[in-house]
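Shown next, in structure tokens, is the structure this report addresses.
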Amino acid sequence: MQLIIMGPPGAGKGTQAARLVERLGVPAISTGDIFRANIKGQTELGKQVQAITASGGYVPDEITNAIVEDRLAQGDCEQGFLLDGYPRTVGQVEALDQMLEKAGRAIDHVLVLTVDTDAVVQRLLKRAEIEGRADDTEEVIRERMAIYARETEPLLEVYRRRGLLREVSGMGELDEVTERLLGAVAPTEPAAR
């Protein structure tokens, strides 16, 4: 199963992705995790990414596309994957379509977590305090949300037109949200005649 999980920053995508892959048996591919690992390792990519994310911006498509293509080519993705944090722009959707078409694959479902904006801001501020994320100030969080609304929300319509979008409330207890997500990707039985 090839899945994408989307939603605004702080919607719980990373947490839910980890829970879903455990249940579905496919790897989670988080561009954010890849970028954070490079920042921590002080690689050249990490230094570039750190400068961009510190101001609330997103990493350019060409860098992100190359990282995702390389990751999808790895053996553990043969049975499927869950993309978290990618695609974020129409250009990335087109790049992903090309990558998958070359491999004879396609996205099965696009899960989008819907949340209350103010609740997400509070969630991210709390996470920043707990995890020591200096880049998660309220101003930067709100800027990331504005970028998401401007650049990423239009992708939802692309996937809606393709019949792939599954909107799921990201509010509530973790287990409830996980079960709603699993229900959204479960194969449906044909109606009895």
Side-chain angles (χ1 to χ4, degrees), residues 1-17 20-21 26-36 38-39 45-46 48-74 77 80-117 120-121 124 135-136 139-170 181 184-185:
M1 187 175 293
Q2 283 88 212
L3 302 171
I4 298 171
I5 189 166
M6 300 177 82
K13 295 180 302 293
T15 299
Q16 289 301 330
L20 288 174
V21 299
V26 297
I29 300 170
S30 165
T31 53
D33 288 349
I34 293 168
F35 293 147
R36 279 188 287 280
N38 278 274
I39 289 169
L45 173 63
Q48 288 179 318
V49 169
Q50 188 168 26
I52 294 165
T53 59
S55 66
Y58 283 139
V59 178
D61 286 358
E62 57 273 8
I63 294 172
T64 308
N65 293 340
I67 286 170
V68 170
E69 185 166 23
D70 177 67
R71 182 63 183 92
L72 291 179
Q74 295 175 19
C77 292
F81 53 80
L82 174 67
L83 286 170
D84 169 12
Y86 182 90
R88 281 196 169 144
T89 65
V90 173
Q92 289 179 359
V93 169
E94 292 166 359
L96 179 60
D97 287 346
Q98 291 170 6
M99 286 175 221
L100 294 175
E101 188 176 333
K102 267 196 308 194
R105 302 169 87 175
I107 294 297
D108 294 304
H109 302 289
V110 177
L111 302 165
V112 62
L113 288 170
T114 59
V115 293
D116 174 82
T117 299
V120 167
V121 169
L124 286 175
D135 61 333
D136 278 356
E139 181 181 339
V140 168
I141 291 166
R142 291 202 182 271
E143 175 60 18
R144 285 189 187 134
M145 295 181 99
I147 292 170
Y148 173 83
R150 194 169 55 245
E151 295 182 6
T152 306
E153 279 184 1
L155 306 186
L156 303 182
E157 189 54 37
V158 169
Y159 288 120
R160 184 177 283 114
R161 283 194 307 267
R162 295 180 185 182
L164 300 175
L165 195 68
R166 305 289 181 267
E167 293 185 85
V168 176
S169 172
L181 288 165
V185 300

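Hydrogens, waters and symmetry mates are skipped; everything else that's a heavy atom, side chains included, is used.
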Value rounded to 0.5 Å, distance of [atom1] in [X] from [atom2] in [Y]:
{"X": "Thr31", "Y": "Ile63", "atom1": "OG1", "atom2": "CD1", "result": "12.0 Å"}
{"X": "Glu167", "Y": "Tyr159", "atom1": "CD", "atom2": "OH", "result": "14.5 Å"}
{"X": "Glu94", "Y": "Thr89", "atom1": "CD", "atom2": "OG1", "result": "8.5 Å"}
{"X": "Leu111", "Y": "Leu164", "atom1": "CG", "atom2": "CG", "result": "10.5 Å"}
{"X": "Leu100", "Y": "Glu69", "atom1": "CG", "atom2": "CD", "result": "9.5 Å"}
{"X": "Ile141", "Y": "Leu124", "atom1": "CD1", "atom2": "CG", "result": "4.5 Å"}

Measure across [X] and [Y] and return the closest heavy-atom pair with its distance rounded to 0.1 Å.
{"X": "Arg88", "Y": "Thr152", "answer": "O-OG1, 2.8 Å"}
{"X": "Ala95", "Y": "Tyr86", "answer": "CB-OH, 3.9 Å"}
{"X": "Ile4", "Y": "Met6", "answer": "CG2-CG, 3.6 Å"}
{"X": "Val59", "Y": "Ile52", "answer": "N-CG2, 4.0 Å"}
{"X": "Gly170", "Y": "Leu113", "answer": "CA-CD2, 3.8 Å"}
{"X": "Pro154", "Y": "Ala149", "answer": "CD-O, 3.7 Å"}

- [ ] Check Thr64, Val93, Val68 against Pro87 for a side-chain contact (heavy atoms from CB on, under 4.5 Å) and give me the one that passes.
- [x]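 Testing each of Thr64, Val93, Val68 against Pro87, the sole residue satisfying side-chain contact (heavy atoms from CB on, under 4.5 Å) is Val93.
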TODO: Dump the intermediate steps for side-chain contact (heavy atoms from CB on, under 4.5 Å) on Leu3 and Val26, then the final yes or no.
DONE: CA-CA 10 Å; Leu3 302 171; Val26 297; 5.6 Å; no
Looking at [Y], is its backbone amide N or carbonyl O close enough to the side chain of [X] to form a donor-acceptor pair, meaning the two atoms are under 3.5 Å apart?
{"X": "Asp33", "Y": "Ile29", "answer": "no"}
{"X": "Lys13", "Y": "Gly7", "answer": "yes"}
{"X": "Gln2", "Y": "Ala106", "answer": "yes"}

- [ ] Sort out for me which residue in Lys102, Arg162, Arg105 forms a salt bridge (Lys or Arg N to Asp or Glu O under 4.0 Å) with Asp97.
- [x]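 So, applying the salt bridge (Lys or Arg N to Asp or Glu O under 4.0 Å) to Asp97 and each of Lys102, Arg162, Arg105, only Arg162 qualifies.
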Within the structure provided, determine whether [X] and [Y] are in side-chain contact (heavy-atom separation under 4.5 Å).
{"X": "Arg71", "Y": "Pro27", "result": "yes"}
{"X": "Leu96", "Y": "Leu72", "result": "yes"}
{"X": "Thr117", "Y": "Arg142", "result": "yes"}

- [ ] Tell me, with the steps shown, if Val90 and Leu155 meet side-chain contact (heavy atoms from CB on, under 4.5 Å).
- [x] CA-CA 6 Å; Val90 173; Leu155 306 186; 3.6 Å; yes
TODO: Go through the steps for Gln16 and Asp84 under the test side-chain contact (heavy atoms from CB on, under 4.5 Å), then give the verdict.
DONE: CA-CA 10 Å; Gln16 289 301 330; Asp84 169 12; over 6 Å; no
TODO: Using a cut-off of 6.0 Å, state whether more than 12 heavy atoms not belonging to Glu101 lie near its atom CD.
DONE: no
Task: Whether over 12 other heavy atoms sit under 6.0 Å from Glu62 CD - done: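 Yes - once you tally the heavy atoms of other residues, nucleotides and ligands closer than 6.0 Å, there are more than 12.
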- [ ] Could you walk me through whether Leu165 and Glu157 pass side-chain contact (heavy atoms from CB on, under 4.5 Å), step by step?
- [x] CA-CA 8 Å; Leu165 195 68; Glu157 189 54 37; over 6 Å; no
